[in-house]
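So the structure is just underneath, and the comments pick up after that.
None of these values were measured; they are calculated from a predicted model. First the proteins, then the strands, lettered A, B, ... as listed; each starts at 1.
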Protein chains: 2
Amino acid sequence: MIPQDALSELASMLGERLSTGKSDLDLHGRSETYHAPMPPEAVVYPDTTEEVSRIVAICARHGVPVVGWGTGTALEGHGSAPRGGVTIDFRRMDKVLEVVPEDMLVRVQPGVTRESLNTELRATGLFFPVDPGANASLGGMAATRASGTTAVRYGTMADQVRALEVVLADGRIIHTGTRARKSSAGYDLTRLFVGSEGTLGLMTELTLRLWGQPEAVSAAVCGFDTTDGAIDAVITAMQMGLTPARIEYVDVATVRILNAADGAALPERPHLLLEFHGTEEAVAAEAARFGDIAAEHGGGAYAWATQAEDRSRLWSMRHRAYHTILATRPGATAVVTDVCVPISKLGEAIMRAAADIHASGLDGPILGHVGDGNYHAILLVDRDDPDEIAEAKRLSDAMVAHALDLGGTATGEHGVGFGKLHLMEAEHGAAWDVMGALKRALDPDGLMNPGKLVRQN
Amino acid sequence: MIPQDALSELASMLGERLSTGKSDLDLHGRSETYHAPMPPEAVVYPDTTEEVSRIVAICARHGVPVVGWGTGTALEGHGSAPRGGVTIDFRRMDKVLEVVPEDMLVRVQPGVTRESLNTELRATGLFFPVDPGANASLGGMAATRASGTTAVRYGTMADQVRALEVVLADGRIIHTGTRARKSSAGYDLTRLFVGSEGTLGLMTELTLRLWGQPEAVSAAVCGFDTTDGAIDAVITAMQMGLTPARIEYVDVATVRILNAADGAALPERPHLLLEFHGTEEAVAAEAARFGDIAAEHGGGAYAWATQAEDRSRLWSMRHRAYHTILATRPGATAVVTDVCVPISKLGEAIMRAAADIHASGLDGPILGHVGDGNYHAILLVDRDDPDEIAEAKRLSDAMVAHALDLGGTATGEHGVGFGKLHLMEAEHGAAWDVMGALKRALDPDGLMNPGKLVRQN
Ligand SMILES: Cc1cc2nc3c(=O)[nH]c(=O)nc-3n(C[C@H](O)[C@H](O)[C@H](O)COP(=O)(O)OP(=O)(O)OC[C@H]3O[C@@H](n4cnc5c(N)ncnc54)[C@H](O)[C@@H]3O)c2cc1C
Ligand SMILES: Cc1cc2nc3c(=O)[nH]c(=O)nc-3n(C[C@H](O)[C@H](O)[C@H](O)COP(=O)(O)OP(=O)(O)OC[C@H]3O[C@@H](n4cnc5c(N)ncnc54)[C@H](O)[C@@H]3O)c2cc1C
C-alpha cells in the first residue's frame, strides 16, 4: 500500500497528472498476452526528467515500487505491478529534442514512438530502422532490447542507443555514453541499461543512431515446397553474406489465416517475406542472388512489391499477424514463444517446435525473424482454461530447453519480464546471480520494477 | 606483500609456472608509454580455466591483488601492479578451441593473438577484422574494448564478442551470452566485461564473430593540400554513407617521418590512407565516389595498391608508425592521446590540437582512425624530464576537455587504465559513481586489477 504521505507529495507536485482511477489502474496492469492483470496503485504522467527524478526519490523514501510504462505492448508482463506502487507513464514525454543530421543522431524523450519519430524524420533523408511491429515507445523498446523485422540488417535497439539519461533508484540523474561512435572510457553503462527492463533505472532521454533512407527498396514474397527448403534458403543466404533488410518466415497455418482474414491470396505453402535496401544495383544484385538460392531450395517464383503501397500493405499485414492470429479464436489469448538460435540450427529448432505443437493439439502458427535465428509460435489458449495455459507453457519451455541445447537463448527480443523468469537459471547458471548482484548494487531496496528479470527473494 | 602461504599454495599447484624472478617481474611491470614501471610480486602462467579459477580463489582468500596480462601492449599502464600481487599471464592459454564456420563464430582462449587467429583461419574463407596495430591478445583486446584501423567498417571488439567465460573475483566461473545473434535475456554481462580492463573478472574463453574474407580489396594513398581538406573529405564520405574498411589520417609531420625512416616517398602533405572491401564492383564504385569527394577537397591523385604485398607494406608502415615516431628522438617515450569526437566535430578538434601542440614546442605528430572520429597525437617526451611529461599531459588533458565539450570521449579505444583515471569524473560525472558501485558489487575487496578504471578510495 502506498503511504498516504507519499500520495500527497506526488499529488501536490503533479496535480491531475497523478491518477488513482480504477480504469487507469486497470489499463496499466493488463498484459498483451496470457498474464493475469496486476494493476498499480497510482499512475503518474511526468513532463520532465526532473519530475521523474522527484517521483522516484519520493517513492524511494517511502519504500514504494516504481514501474515504467511506454505503450504497454511488451509481451511478458513487463509493465505489470505485482507489488503495487506507482507506474510512471511516459506518454507526455514525447518530444523529439534534437535531430543531428551531420552525425546521424537524434535525441528523444522516452515516450516518442517509433512511428512518430520516423514521421518527424521524413524530410531529413534519415530514418530509424528498428521495427517491432507494435508502435512501441523508444523507451520501452530500449528497456526490452527490442528488435523485430529489420534487425537482421540494422541490428537491435542495443546497436542504436548511443547515450542515455537515466534516473536511478534513489532519484539521481546520470548520463551514460557520448556522441562519439566509440569509446573505451570504462564500463559500458549504456549497454547495461538497455535491456534492463526498468529494473535498474528509468531512461528519461535517449540518443539514437539514425540511418540514411535507402536509395532503393524492393520487397518480395516467395513460397516454398517445404519448411526445410524455406529455412535452408535462409541459412544459405545468411552464410553467403547476403544482407536483406528483412527476411521473415511464415508457416502454412499463418498463410491460411492471412488468406482468410486479410485477403492475402498466397499459395498455401510456407513463405518467406523479404525486403532489400541499398542502391538500385545492389538491391537488384541481392534479389537476383536470393532468387537463385530460393530456386535451389524449392522456392517458387517471387512476387515483387516495388511500389511503396504494396510494400506497406505487405508489412502491415505482417505486423498485424499477431492480432489476426488471435482473432481466429474469439476470446483467446496467447503464450508467445521467442527463442533465438544460431542460424545453422534454425531448421532443427523450427521442425522440432512444429512437431511438438502438432502433437499437443494446440493451435500455434509459427512465424519470425529467421535471418537472426529468431521465431515465434503464437500458442492460442483460453485465458480461463488453466490446463491449456499449462500445456502452452510446457511447449514453450520445451522449445527453450531445445534452444539452449543448440547454443541459443530463451528470448531473442521480447525480454524476461515476469513470464520468462523461471528460464533464467537454466540459461545463465551462476551468471544470473551476477545479474542479481548488479541489481542489488543499483537498487538495494528492490523498488525498480520488482518481480521482473532477476531472482526474486 | 604476498603472504608466504599464498605463494606456497600457488607454487605447489603451478611448479615452474610460478615465477618470482626479477626479470620476469620487471617485464610485467613495464608500460609501452611514459608510465613508471610497477612490477607485481609474482607471475603465473596457467594452462586452463580451472587453474585460473584456483589461482584467483587463493589470492582472494589471502587478500592478494590479481592482474591479467595478455601481450602487455596497452598504453595507459593497464597491466601494471601498483599494489603488487600476482600477475596472470595468459600466454600459455593460446588455443583456438573451435571454429564454427556455419555460424561464423570462433571460440578461443584469451592468449590467442589476432595474427595467429587469422593465420589459423586463412583456409576457411573467414577472418577476424579488429586490428589495433600491435599483435595483441584477444583477451587483452576485449578487456580494453580495442578497435583500430578497421573499426570504421567492422566495429570494435565490443561488436565482435558474442559470449564469454569469466573467472570472478572469488574464483567462480560464469558464462555470459550465447551463440545466437541476439538475446533479450537479462542484463548484457558480455558487454559489461568487455572494456572492464580486468577489474571485474578475468576472461578465460571468448566466442567471437567472424566475417567473410572480402572478394576484392583495394587500398589507396591520397595527399591533400590542407588538413581541413583531408578531414572534410572524411566527414563528407562518412556522411554520404561510404563504407571504407579503413580510412586513416596522417599529418605532415608523420609523413616526413615515414619518408625519412621508412622510405615512404610520399609528398609532404597531409594524407589519407584508405582501403575498400567488398565485391569487385562495390569496391570500384566506392573508390570512384571517394575519388570525387577527394577532388572536391583539394585531394591529389590516388596512388593505388591493388597487390597484396603493396597493401601489406602500406599497413605495416602504418602499424609501425608509433615506433617509427618514437625512434626519431632516441631514448624518448610518449604520452599518446586518444580522444574520439562526433564525426562533424573532427576538423575542429584536430585543428585545435595541432595548434596547441605547435604552441607548446613539443613534437607531437597526429594520426588516427578518422572515420570513427578518433585520432592520436604521439607527444614525445624524455622519460626523465618531469616538466616535459607535465607539459604533454597538460596538452592531452586540454584535448580531452575540448573533446568532451564537443560531445566526445577521453578515450576512443585505448582505455582508462592508470593514465586516464583522472579524466573519468569529468567525462561521466555521477555515472562514474555507478561504475564504482558495480565494481564493489563484483569485487568487494578490490583485488581485481586495483588502481585502474574506477575511483580509488
Ligand atoms: C503485436 C506485437 C508484435 C510485437 N512484435 C515484436 C517484435 O517483432 N520484436 C520485438 O522486439 N518486440 C515485439 N513486440 C513486443 C513489444 O513491442 C516490445 O517489447 C516493445 O519494445 C515494448 O515497448 P513499449 O513502449 O510498449 O514498452 P512497455 O510495454 O510499456 O514497457 C516494456 C518494459 O520497459 C519498461 N520501460 C518502459 N519505458 C521505460 C523507460 N523509459 N525507462 C526504463 N524502463 C522503461 C517497462 O517498465 C517494462 O518493463 C510485439 C508486441 C506486440 C503486441
Ligand atoms: C604500437 C601500438 C599501437 C596501438 N594501436 C592501437 C589501436 O590502433 N587501437 C587500439 O585499440 N589499441 C591500440 N594499441 C593498444 C593495445 O594494442 C591494446 O590496448 C590491446 O588491446 C591490448 O592487448 P594486450 O593483449 O597487449 O593486453 P595487455 O596490455 O596485456 O592488457 C590490457 C588490459 O587487459 C587486461 N587483460 C588482459 N588479458 C585479460 C583477460 N584475459 N581477462 C581480463 N582482463 C585481461 C589487463 O589486465 C590490462 O588491464 C596500440 C598499442 C601499441 C603498442
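You'll find the side chain of B:S184 stays beyond 4.5 Å of the side chain of A:T144, heavy atoms only. Between A:W432 and B:I174, every side-chain heavy-atom pair lies at or beyond the 4.5 Å cut-off. Side-chain contact between B:T409 and A:K182 is absent, with no heavy-atom pair separated by less than 4.5 Å. By the 4.5 Å heavy-atom criterion applied to side chains, A:L189 and B:L438 are counted as neighbours. No side-chain heavy atom of B:Y187 sits less than 4.5 Å from a side-chain heavy atom of A:R191.
In this structure, the portions of B:D372 lying under 4.5 Å from any heavy atom of chain A include both its backbone and its side chain. For chain A, the nearby parts of B:A437 are the backbone and the side chain; heavy atoms of each come within less than 4.5 Å.
Across all their heavy atoms, A:R145 and B:A185 have their closest contact at NH1-N, 4.1 Å.
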inquiry  = side chain to side chain contact (heavy atoms under 4.5 Å, CB included), that's the test. Do B:Q239 and A:M104 meet it? Break it down for me.
reply    = CA-CA 8 Å; B:Q239 287 174 346; A:M104 299 175 85; 5.7 Å; no
Worked verdict on B:E102 versus A:M238 for side chain to side chain contact (heavy atoms under 4.5 Å, CB included) = CA-CA 10 Å; B:E102 63 277 21; A:M238 297 308 296; over 6 Å; no
task = Check the pair A:S183 / B:E413 against side chain to side chain contact (heavy atoms under 4.5 Å, CB included), numbers first and verdict last.
result = CA-CA 6 Å; A:S183 170; B:E413 55 178 26; over 6 Å; no
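Residue with the most contacts toward chain B among A:G195, A:A151, A:G125, A:C340: A:C340 (heavy-atom pairs, distance under 4.5 Å). With chain A as partner, the option from B:K420, B:K452, B:E281, B:R179 having the largest number of non-hydrogen pairs under 4.5 angstrom is B:R179.
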